[in-house]
Amino acid sequence: MSEPVVSPAGIPISAVYHPTDAAIDVPRDLGEPGDFPFTRGVQPSMYRGRLWTMRQYAGFGTAQETNTRFKHLLAAGQTGLSVAFDLPTQMGIDSDSPRAQGEVGRVGVAIDSVDDLHTLLDGIPLEKVSTSMTINATASTLLAMYVVVAEERGISRDKLSGTIQNDILKEYVARGTYVYPPEPSLSLIAETFRFCAAEVPNWNPISISGYHIREAGATAVQELAFTFADGLAYVERAIAAGLAVDEFAPRLSFFFACHSDLFEEVAKFRAARRIWARLMRERFHASDASCKLRFHTQTGGVTLTAQQPLNNVVRVAVQTLAATLGGTQSLHTNGYDEALALPTAEAATLALRTQQIVAYESGIASTVDPLAGSYYVESLTNEVERQTLELLAKVEEQGGAAKAIESGFMQDEIGRSAYAHQLAVEAGSRVIVGVNKFADGQLPPIIPAPDYSRLEAEQVARVQGVRAGRSAESVRVALEALEYAVTRSETLLMPLIISAVRARATVGEISDTLERSWGRYRPA
């Protein structure tokens, strides 16, 4: 007898599916595209009305170099920016700090002051292009910088559109770029919600991220359950801070990974919309606009292989199909060489072309939710929903996301899944083409790395030049006002952060000011 077939999430897969396997209440579970519970999509016409945003993620060394890559991608047809920051920027450390040595510009762009952001965005029409920034602990500061760049160009805040990731809970679970403890971090996030709702109405104040949870080894079901647990925590915190749910929830966005099991990923995205819609309506009596799950997708970084890297072109194409068949609102496709180094311009362009070919040549955009009604897909959608809600209930038994993180529940669950996956790869039961099957024994190619020492020296000189040229008194006054507000537990911090940014305070100086009152998070 053959071994049973299961999906990567462990869902048993039948050899053939029948109408009874896809038993659904059509009005309740599917509805029409654009209607609650949005299983079939958040817009009535989906891609017939407007294609997904093609938002390639980029960040390289200095702001000038990244600006060059952004312009290259925009000229190639990219429709939105996505900024990768280096680790010192993410951790609230200036480039000339001893703690930043050896990390400046290595996994993204170094941004120390608003002048760097001016350089990064030079020549890019902020009133026309939406910008996503993958930044968490220092998200409020980078948003403040973006607002000041626009202000100094004469662009009003209501013309700005984009997203800050700003999802600190998943940092404690899966990624590690936290600075402050959870409690003040959640308060700062709620303040960012308030500020955006009042001042930057077209900005998404958070991108609740399952992507990094998946990258840490989670299954598709764990990715949804833990992401939604975090999302519920943010909604509850904002309501506790005095915001009405419909003031901020329509601007909540999500960020998911897309791996190579085409049908499980499509089912995951369809189930995700249904789950979030029902959670928001049943728990918070939210309007339809607040129940729509809008999300960005990135193809799976951990699925890329250094061995036979051109195979990654095919993997990314399959994942692009899954994300778009599943109804994503925006998409980043990885370069085939990203398992080896930062993507080359050639690889980044090919990744963008992959999206464009799927959009314009595959027929996917011709009709909404083209896999709807498939016995297999509908059955799988139902099972992903069932298992996700079951796991979410376990998180809530722990007391919610923050408590489940504190107890290590989420981390342990992800760790077990990652270990099981690795065992399956090593045993050959989970095939990775070119790695554990059809391997050729050749060494991965070597891609020349940038001269990071030169980049770091240039960035250190740049931030020191900003300090030398600014008004030290203006910076002191702005930072003291911010610290005074924090020590008094005042909540309206964004205007004070903007004032500090306007005075040319650096990311590190603002972060240090907050840390003096809030402390630094150290896991048990």
Side-chain angles (χ1 to χ4, degrees), residues 8-9 85 87 90-92 107 134-139 163-190 192 206-238 252-259 268 272 275-276 279 293 295-298 300-302 387-422 518-524:
F85 296 95
L87 285 175
Q90 294 181 53
M91 300 290 289
V107 298
T134 302
I135 197 78
N136 294 286
T138 55
T163 305
I164 43 173
Q165 193 162 102
N166 202 26
D167 174 6
I168 202 64
L169 288 175
K170 66 94 175 48
E171 295 297 324
Y172 304 120
V173 175
R175 197 158 173 267
T177 63
Y178 43 73
V179 178
Y180 323 112
E183 187 60 29
S185 296
L186 289 169
S187 294
L188 186 57
I189 288 169
T192 309
I206 195 167
S207 176
I208 305 162
S209 175
Y211 182 84
H212 303 101
I213 291 171
R214 190 70 179 276
E215 288 284 286
T219 66
V221 166
Q222 290 169 335
E223 179 186 6
L224 291 191
F226 297 156
T227 302
F228 290 150
D230 290 348
L232 292 172
Y234 296 128
V235 171
E236 290 164 357
R237 189 56 176 251
L252 297 180
S253 66
F254 287 77
F255 174 26
F256 293 116
C258 193
H259 284 200
K268 178 187 78 177
I275 293 166
W276 185 249
L279 288 171
L293 179 80
F295 62 91
H296 170 72
T297 306
Q298 181 172 338
V302 294
Q387 291 194 17
T388 297
L389 291 172
E390 187 177 85
L391 183 54
L392 179 60
K394 291 181 181 179
V395 173
E396 296 187 316
E397 286 170 7
Q398 300 270 328
K403 293 291 185 183
I405 292 166
E406 186 180 316
S407 70
F409 174 77
M410 290 190 192
Q411 299 93 312
D412 289 346
E413 290 286 309
I414 294 168
R416 278 192 286 272
S417 294
Y419 182 60
H421 172 78
Q422 187 59 35
W518 290 343
R520 176 171 287 271
Y521 178 70
R522 303 195 184 280

Salt bridge check: are Lys170 and Glu223 linked by an N-O gap of less than 4.0 Å?
->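 No.
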Please list, chain by chain and in numerical order, all residues satisfying salt bridge (Lys or Arg N to Asp or Glu O under 4.0 Å) with [X], sequence neighbours excluded.
{"X": "Glu390", "answer": "Arg386"}
{"X": "Glu215", "answer": "none"}
{"X": "Glu396", "answer": "Arg283"}

Rounded distance [0.5 Å steps], [atom1] in [X] versus [atom2] in [Y]:
{"X": "Leu279", "Y": "Leu389", "atom1": "CG", "atom2": "CG", "result": "6.5 Å"}
{"X": "Leu169", "Y": "Leu232", "atom1": "CG", "atom2": "CG", "result": "11.0 Å"}
{"X": "Glu397", "Y": "Lys403", "atom1": "CD", "atom2": "NZ", "result": "16.0 Å"}
{"X": "Phe228", "Y": "Leu392", "atom1": "CZ", "atom2": "CG", "result": "9.0 Å"}
{"X": "Asp230", "Y": "Ile405", "atom1": "CG", "atom2": "CD1", "result": "5.0 Å"}
{"X": "Lys268", "Y": "Ile275", "atom1": "NZ", "atom2": "CD1", "result": "11.5 Å"}

Name the orientation class of the two ring planes belonging to Tyr211 and Phe255 (parallel below 30°, tilted from 30 to 60°, perpendicular beyond 60°).
-> parallel
Go through the steps to decide whether Val173 and Phe226 satisfy the test side chain to side chain contact (heavy atoms under 4.5 Å, CB included), and finish with yes or no.
-> CA-CA 9 Å; Val173 175; Phe226 297 156; 5.7 Å; no
In sequence, state the C-alpha distance, the side-chain angles, and the governing distance for Arg237 and Glu183, and then conclude on side chain to side chain contact (heavy atoms under 4.5 Å, CB included).
-> CA-CA 10 Å; Arg237 189 56 176 251; Glu183 187 60 29; 2.5 Å; yes
Looking only at non-hydrogen atoms, find the nearest pair between [X] and [Y] and report the distance.
{"X": "Gly231", "Y": "Trp276", "answer": "C-CH2, 3.8 Å"}
{"X": "Tyr234", "Y": "Ile168", "answer": "OH-N, 3.1 Å"}
{"X": "Gly519", "Y": "Pro181", "answer": "O-CD, 3.4 Å"}
{"X": "Ala229", "Y": "Ala401", "answer": "O-CB, 3.5 Å"}
{"X": "Ala137", "Y": "Val179", "answer": "CB-CG2, 3.6 Å"}
{"X": "Glu171", "Y": "Tyr178", "answer": "O-CD2, 3.8 Å"}

Between [X] and [Y], is there a donor-acceptor pair closer than 3.5 Å when you use the side chain of the first and the backbone of the second?
{"X": "Gln165", "Y": "Ala139", "result": "no"}
{"X": "Gln222", "Y": "Arg214", "result": "no"}
{"X": "Asp167", "Y": "Ser209", "result": "yes"}
{"X": "Ser253", "Y": "Ile206", "result": "yes"}

Can you list the steps and then say if Asn136 with Arg175 is a side chain to side chain contact (heavy atoms under 4.5 Å, CB included)?
-> CA-CA 10 Å; Asn136 294 286; Arg175 197 158 173 267; 3.5 Å; yes
Within a strict 4.5 Å, meaning less than it, do heavy atoms of the Pro523 and Tyr521 side chains meet?
->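 Yes, close enough: below the 4.5 Å cut-off.
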From CA spacing to verdict: side chain to side chain contact (heavy atoms under 4.5 Å, CB included), Trp518, Ser187 = CA-CA 11 Å; Trp518 290 343; Ser187 294; 5.8 Å; no
